[in-house]
J.: 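I have a structure here, written as structure tokens, and I will follow up with some questions on it.
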Number of protein chains: 2
Amino acid sequence: METIHPHTAALIRKLESLAPLAPEEKAALLGLPLRLKTVAADQDIVCEGDRPSECCLIVEGFACRYNLTGEGKRQILSFHIGGDIPDLQSLHLRVMDHSLGTLVPSKLAFIQHDALRSFMRSHPRLGDLFWRDTLIDAAVFRQWIVGLGRREARGRIAHLLCELLVRLRAAELVEDHVFGLPVTQAELGDALGISTVHVNRVLQELRGENLISWRGETLQVLDWEGLKQAGEFDPTYLHLVKREAL
Amino acid sequence: METIHPHTAALIRKLESLAPLAPEEKAALLGLPLRLKTVAADQDIVCEGDRPSECCLIVEGFACRYNLTGEGKRQILSFHIGGDIPDLQSLHLRVMDHSLGTLVPSKLAFIQHDALRSFMRSHPRLGDLFWRDTLIDAAVFRQWIVGLGRREARGRIAHLLCELLVRLRAAELVEDHVFGLPVTQAELGDALGISTVHVNRVLQELRGENLISWRGETLQVLDWEGLKQAGEFDPTYLHLVKREAL
DNA sequence: CGATACGTTGACGGAAATCAACCCCGGTGG
DNA sequence: CCACCGGGGTTGATTTCCGTCAACGTATCG
């Protein structure tokens with residue numbers, strides 16, 4: 001098993017969207033020991049109740065964190081893309097209080113907690129940056145709460161699409177307001193606390209207003225200003241350094 | 001202005017609920033330079049858009065974080081009690097993406113970011129513990145999302161009451177399943193995405209089933225098992241070390 | 001003693017859940 | 001080759017949880 005990989009490229013890009021990186025910091029990141037793995041769609045990476053000893057970096061793909069309730073309903077807590085480390089919190093919280101799974105076939109890279117800890121000791125500035133990343137994670141949760149508590153279906157969907165566009169653009173996965181959204185309407189509903197049927201109706205509404213078009217797995221934002229307005233979207237909470245074209 | 005205070009007692013108790021502390025660590029915490037302040041009820045401590053240079057430790061009182069939407073609706077994001085540092089995230093996120101305000105007259109203690117940063121450099125284990133605290137914060141957000149997305153009013157209220165009971169017990173503010181809850185029904189509604197009217201009805205339901213009694217600012221949990229069941233409450237997500245009597 | 005904040009109650013309406021079809025499409029296998 | 005199947009999307013009918021409106025009770029306070 002190799003221990004040095006170029007697969008940290010996505011991670012470096014992600015971290016650079018949060019703060020500028022010095023060349024030696026990027027070099028250090030390239031030295032992180034990774035265990036690579038390719039997984040199919042709809043596979044659990046970590047499960048609620050697990051006590052993982054490593055974190056999962058998404059190199060390529062699409063994943064989500066979720067919780068299951070008593071009646072078998074699923075609540076999706078967040079979506080994750082290349083460069084994200086969705087279970088970074090496991091470094092300091094022994095037990096997983098939710099699960100993490102893929103939505104499409106994905107390339108993952110696992111980093112041992114020990115390796116991460118000693119890495120952050122030798123690079124405290126990057127340690128702080130990882131902390132910052134988990135704090136932004138929490139900020140996204142807060143916005144999600146606002147949506148679930150105070151916005152109706154239309155606003156929730158619009159807001160989520162705005163958020164994904166901005167995050168995917170930071171990951172350089174958006175071309176001309178078009179991006180791949182490999183998510184079913186049922187999954188959208190599980191994320192936004194809306195039934196599949198209603199998700200469908202609202203999407204048709206948004207399409208009818210020419211705010212978006214969504215064919216297959218390709219989503220195009222036709223009216224960025226209109227969509228932002230529909231979702232009351234303000235990207236401040238994502239705390240990105242590059243704020244152009246928001 | 002004094003620089004050494006015994007007002008860190010609440011903080012120490014809080015941190016001890018997350019991980020055991022060594023005597024020298026407690027001593028170090030007592031040396032944190034604090035700026036004390038007493039504020040009335042319903043006062044903002046920090047506002048959305050601010051760029052604070054200090055964090056706020058709640059010594060005594062009750063506070064909440066909240067967001068206002070376009071139509072002036074308020075979404076409360078979390079409740080905070082003695083020992084909490086609700087805006088710890090401002091250490092690494094320059095701009096506040098939400099506001100923080102008191103619910104009752106409270107004693108606050110402000111700690112300069114610089115002081116906190118240098119403190120954590122000299123006490124890395126405590127630095128990690130602060131990080132852990134913000135991660136638990138995020139875990140609480142996740143549970144709120146599950147509640148807002150997947151539980152109906154009854155379950156949301158029950159879950160919130162369970163959470164408050166457990167957290168207040170960790171802060172040694174619960175005696176015999178009785179605690180002070182200085183929150184109006186309107187505020188409960190703003191926290192749970194429910195209208196005041198409906199909060200009222202559900203509370204009557206819970207009282208009618210003899211799960212709780214709530215007179216004035218005193219809440220008594222009459223049927224702990226029943227309330228936990230009503231809210232599908234599992235305290236794992238709070239990641240407390242003392243897990244007795246949950 | 002009004003004023004104000006909070007709690008309570010009833011009537012009505014609406015956003016969205018649920019139930020139940022049905023369509024379309026790609027895969028698979030007899 | 002085509003029948004069958006399953007997942008995802010679409011649509012309509014019906015139900016329900018909860019919001020809104022509006023009124024009234026109650027307690028605290030200057």
Side-chain angles (χ1 to χ4, degrees), chain A residues 40-43 62 64 69 71-76 102-105 147-160 180-208 212-219 230-231, chain B residues 40-43 62 69 71-76 101-105 147-160 180-208 212-219 230-231:
Chain A
D42 299 309
Q43 301 300 305
F62 223 90
C64 74
T69 73
E71 296 81 44
K73 291 185 179 179
R74 174 175 65 164
Q75 175 65 45
I76 292 180
T102 58
L103 293 172
V104 295
L148 287 166
R150 291 288 163 214
R151 275 191 272 269
E152 46 192 46
R154 184 187 141 88
R156 290 185 211 174
I157 294 183
H159 194 279
L160 177 56
L181 186 58
V183 168
T184 66
Q185 296 185 359
E187 284 158 348
L188 260 194
D190 283 348
L192 299 173
I194 304 170
S195 71
T196 309
V197 174
H198 201 59
V199 168
N200 184 284
R201 287 195 242 265
V202 173
L203 282 175
Q204 287 178 54
E205 193 183 314
L206 293 178
R207 284 189 293 228
I212 60 168
S213 100
W214 189 0
R215 292 185 313 281
E217 300 197 339
T218 303
L219 193 133
Chain B
D42 298 308
Q43 300 301 306
F62 222 90
T69 73
E71 296 80 44
K73 291 185 177 178
R74 175 176 65 167
Q75 175 65 46
I76 292 179
T102 57
L103 293 171
V104 296
L148 287 166
R150 291 289 164 214
R151 277 191 271 269
E152 46 193 46
R154 185 187 140 87
R156 290 185 212 175
I157 293 183
H159 194 279
L160 177 56
L181 186 57
V183 168
T184 67
Q185 296 184 359
E187 284 158 349
L188 259 194
D190 283 347
L192 298 172
I194 303 170
S195 71
T196 310
V197 174
H198 201 59
V199 168
N200 184 283
R201 287 194 244 265
V202 173
L203 282 175
Q204 287 179 54
E205 193 184 313
L206 293 178
R207 283 188 294 228
I212 61 168
S213 100
W214 190 0
R215 291 185 314 283
E217 300 198 339
T218 303
L219 193 135

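All values below come from the heavy atoms of this structure, side chains included, with hydrogens, waters and symmetry mates left out. A, B, ... follow the sequence lines: proteins, then strands. Residue 1 opens every chain.
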J.: Out of dT10(D), dT9(C), dC17(D), which nucleotide sits closest to the side chain of Q204(A)?
T.: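 Output: dT10(D).
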J.: Determine the contact category for G189(A): base if any of its heavy atoms lies under 4.0 Å from a base atom, sugar-phosphate if only primed atoms, P, OP1 or OP2 are that close, otherwise nothing.
T.: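 Result for G189(A) = nothing.
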J.: Can you tell me if R207(A) touches the phosphate of dT10(D), counting only side-chain N or O atoms and a distance under 4.0 Å to OP1 or OP2?
T.: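 Affirmative; the distance criterion is met.
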J.: Specify the residue among S195(A) and A186(B) whose closest nucleotide of DNA chain C lies further upstream toward the 5′ end.
T.: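 Between the two, 5'-proximity favours A186(B).
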J.: Which value, rounded to the nearest 0.5 Å, describes the distance between D190(A) atom CG and T184(A) atom OG1?
T.: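 So the CG of D190(A) and the OG1 of T184(A) are separated by 7.5 Å.
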J.: On DNA chain C, compare the nucleotides closest to E187(B) and R201(B); which residue's is nearer the 5' end?
T.: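 Nearest nucleotide further toward 5': that of E187(B).
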J.: So, Q75(B) side chain and A191(B) main chain: donor-acceptor pair closer than 3.5 Å or not?
T.: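 Looks like yes, one N/O pair under 3.5 Å.
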J.: How many whole angstroms separate atom CZ of R215(B) from atom C1' of dT26(D)?
T.: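 Between C1' of dT26(D) and CZ of R215(B): 16 Å.
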J.: Whole-Å distance between dA17(C) C1' and I194(A) CD1?
T.: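 Nearest whole value for this atom pair: 12 Å.
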J.: For R74(A), does its backbone N or O pair with a side-chain atom of R150(B) as donor and acceptor, under 3.5 Å?
T.: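 Flag set: sc R150(B) to bb R74(A) pair under 3.5 Å.
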J.: Tell me the interatomic distance from E71(A), atom CD, to dT18(C), atom P, rounded to whole angstroms.
T.: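 So the CD-P distance, E71(A) to dT18(C), works out to 11 Å.
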J.: What is the distance from CD of Q185(A) to P of dA17(C), rounded to the nearest Å?
T.: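 Value for this atom pair: 13 Å.
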J.: Under 4.0 Å: is that the gap between some side-chain N or O of K73(B) and OP1 or OP2 of dG19(D)?
T.: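 Answer no for this pair, as no side-chain N or O of K73(B) is under 4.0 Å from OP1 or OP2.
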J.: Could you check how far CD1 of I157(A) sits from P of dA15(C), rounded to whole Å?
T.: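 Distance, rounded to whole Å: 15 Å.
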J.: May I have the list of side-chain donor-acceptor pairs in residues 200-208 of chain B shorter than 3.5 Å, sequence neighbours left out?
T.:
residue : atom : partner : partner atom : Å
N200(B) : OD1  : Q204(B) : NE2          : 2.3
N200(B) : ND2  : Q185(B) : OE1          : 3.0
E205(B) : OE2  : R154(B) : NH1          : 3.4

J.: Is there a donor-acceptor pair under 3.5 Å between the side chain of T102(B) and the backbone N or O of D42(B)?
T.: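 Here the side-chain-to-backbone pair exists.
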J.: Would you kindly give the CG-to-C1' distance between N200(A) and dT18(C), to the nearest whole Å?
T.: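 Rounded to the whole Å, the gap is 15 Å.
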J.: Between dC19(C), dG19(D), dC17(D), spot the one nearest the side chain of V197(A), thanks.
T.: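 The listed nucleotide nearest to V197(A)'s side chain is dC19(C).
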J.: Between C1' on dT28(D) and CD on E217(B), what's the gap in Å once rounded to a whole number?
T.: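 The distance from CD of E217(B) to C1' of dT28(D) comes to 12 Å, rounded to the nearest Å.
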J.: Choosing from dT11(D), dT9(C), dA16(C), which nucleotide comes nearest the side chain of A153(A)?
T.: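 That would be dA16(C).
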J.: Taking CZ from R151(A) and C1' from dC18(D), how many angstroms apart are they, rounded to a whole number?
T.: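 For the pair R151(A) CZ and dC18(D) C1', the rounded distance is 20 Å.
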J.: Give one of base, sugar-phosphate or nothing for G193(B), where a contact means two heavy atoms less than 4.0 Å apart.
T.: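 Since only primed, P, OP1 and OP2 atoms lie under 4.0 Å of G193(B), the category is sugar-phosphate.
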